[in-house]
There are 2 protein chains.
Amino acid sequence: MPLGAPHERSDAARNRERLLSAARDLVAEFGAEALTMDALACKAHVGKGTVFRRFGSRAGLMMTLLSDSESEFQYGFMFGPPPLGPGAAAKERLIAFGEGRIYFVLENGELLKAAGAATRNRFDVPATKLSHRHMEVLLREAGIADPWVMAMSLTYALDPERIVDDVRVRGISPTRLTDSWRELITRLLPAA
Amino acid sequence: MPLGAPHERSDAARNRERLLSAARDLVAEFGAEALTMDALACKAHVGKGTVFRRFGSRAGLMMTLLSDSESEFQYGFMFGPPPLGPGAAAKERLIAFGEGRIYFVLENGELLKAAGAATRNRFDVPATKLSHRHMEVLLREAGIADPWVMAMSLTYALDPERIVDDVRVRGISPTRLTDSWRELITRLLPAA
DNA sequence: ATACTAAACGGACTATGGTCCGCTTTCTAT
DNA sequence: ATAGAAAGCGGACCATAGTCCGTTTAGTAT
């Protein structure tokens, strides 16, 4: 909760816990795809309006559910050891970032797809902004002319829907994805 | 209509015309985003079931609406003059393809976004498959190790939602997009 | 303790994509 | 012309995300 928030009312806190717990149960049992807001409200013994006030939307709920694992990955590329974290060359860090991202998506794919779908402006997701900014900085360091736009191209190349569907629908192995990502970054940033 | 189709009944043909005409009117007047299937059925004086039998889904309708301009673009990169069409080097053709695609998306953005949204497996869209295949062939010709996967990365980099939002929401000029695409392909395929 | 206020609550309501199925129309074979 | 079959039709119906607003409740000031 943001600083300066006046005080969270006790009933609000209680309902938030109920909702998160019920949501985790439902996702564990039936998968994120199958979670409906009505079912969640019902299972948490809470009104539907409460669900939406708390999370804003289905996508917001999914992002909340993701935030722990997401924070962990973010910590990894911002403060962790090289080659993912600081200390390695931009090229190595980008390769490691893409590989990490691909495995992260494959672990949390359902949640990520659900968080991205039905969100206008997927880019408004804070985690997406942070990833984009990270790649932008590395690309600038590596001498790319328009790092902002290039980072956007790479962001979409790592789109959760793309990764999940490649692997689960089109039968591409994760290794092929990471190998191809490595080839992409290697050719994009040859000077090392 | 595909060969071997037994015969299109006259009432079916009449309703198809009515629907297409009504759909074009609605898109022209209110934009593709705002088109609802109920409104379309009503305006065409046709039942809702008829709309869905004809087009399958909202996305299917949008694809039908797109098919003329899409065919034109497809013709351009398959049979048209170089550098877009055959006769130029793979690298030049890829650069031209991306540029053409970016402008095509900016002209038909609403329809394309509407066609892609709400479609599971965006990749099932035939036009997308064709574009992917085209890039795959060019990438193989240029010596990319896994052209299928790389073509998928580039497909997502040219995602309609991405292009439209970059330009219309995030204020990036089309020129920056095409310049960055050129940089991407140039670095990706240096041997020319 | 009481009264007051702002926040939270809940569930009926709306919007919209998509499905279902009994009825109608067109075509064809006789 | 007639009858039968297959295709087409329409709109009631369903599922689900998201909104609205009158009611309840937790904190606070007296």
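Proteins come first, then strands; the chains are lettered A, B, ... in the order of their sequence lines, and each starts at number 1.
For B:Arg53, taking side-chain heavy atoms from C-beta onward, the closest of the listed nucleotides C:dG18, D:dG8, C:dG10 is D:dG8. Residue A:Arg54 places its side chain closer to C:dA8 than to any other of C:dA8, C:dG10, D:dT19. The side chain of A:Phe52 approaches D:dT19 more closely than any other nucleotide in the set C:dC9, D:dC9, D:dT19.
For residues 35-48 of chain B, proximity to DNA chain D is found at B:Val46, B:Gly47, B:Lys48, defined as any non-hydrogen atom under 4.0 angstrom from a strand atom.
Checked against side-chain hydrogen bond (donor to acceptor under 3.5 Å, both in side chains), B:Asp11 has the following partners two or more places apart in sequence or in another chain: B:Arg9. Applying the salt bridge (Lys or Arg N to Asp or Glu O under 4.0 Å) rule to A:Asp25 yields no partners; only residues at least two apart in sequence or on another chain are considered. Every residue two or more places apart in sequence or in another chain was checked for a salt bridge (Lys or Arg N to Asp or Glu O under 4.0 Å) with A:Glu110, and none qualifies. Residues satisfying the ring pair (Phe, Tyr, Trp, His ring centres under 6.0 Å) criterion with B:Phe30, sequence neighbours excluded, are absent altogether. Taking A:Arg14 as the reference, nothing meets the salt bridge (Lys or Arg N to Asp or Glu O under 4.0 Å) condition, with sequence neighbours excluded. Checked against salt bridge (Lys or Arg N to Asp or Glu O under 4.0 Å), A:Asp38 has the following partners two or more places apart in sequence or in another chain: A:Lys48. Judged as a side-chain hydrogen bond (donor to acceptor under 3.5 Å, both in side chains), and not counting sequence neighbours, A:Asn108 has no contacts.
Between A:Phe97 and A:Phe73, the gap from one ring centroid to the other is short of 6.0 Å.
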- Sequence-aligned protein contact record of nucleotides 22-29 of chain D, with B where the base is within under 4.0 Å of a protein heavy atom and S where only the sugar-phosphate is: ---BSS--

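The CZ-C1' distance, from A:Arg18 to C:dA8, rounds to 13 Å in whole Å. Rounded to whole angstrom, the span from the CG atom of B:Asn15 across to the P atom of D:dA7 amounts to 17 Å. Nucleotide C:dG17 holds its C1' atom 12 Å from the CE atom of B:Met62, rounded to whole Å.
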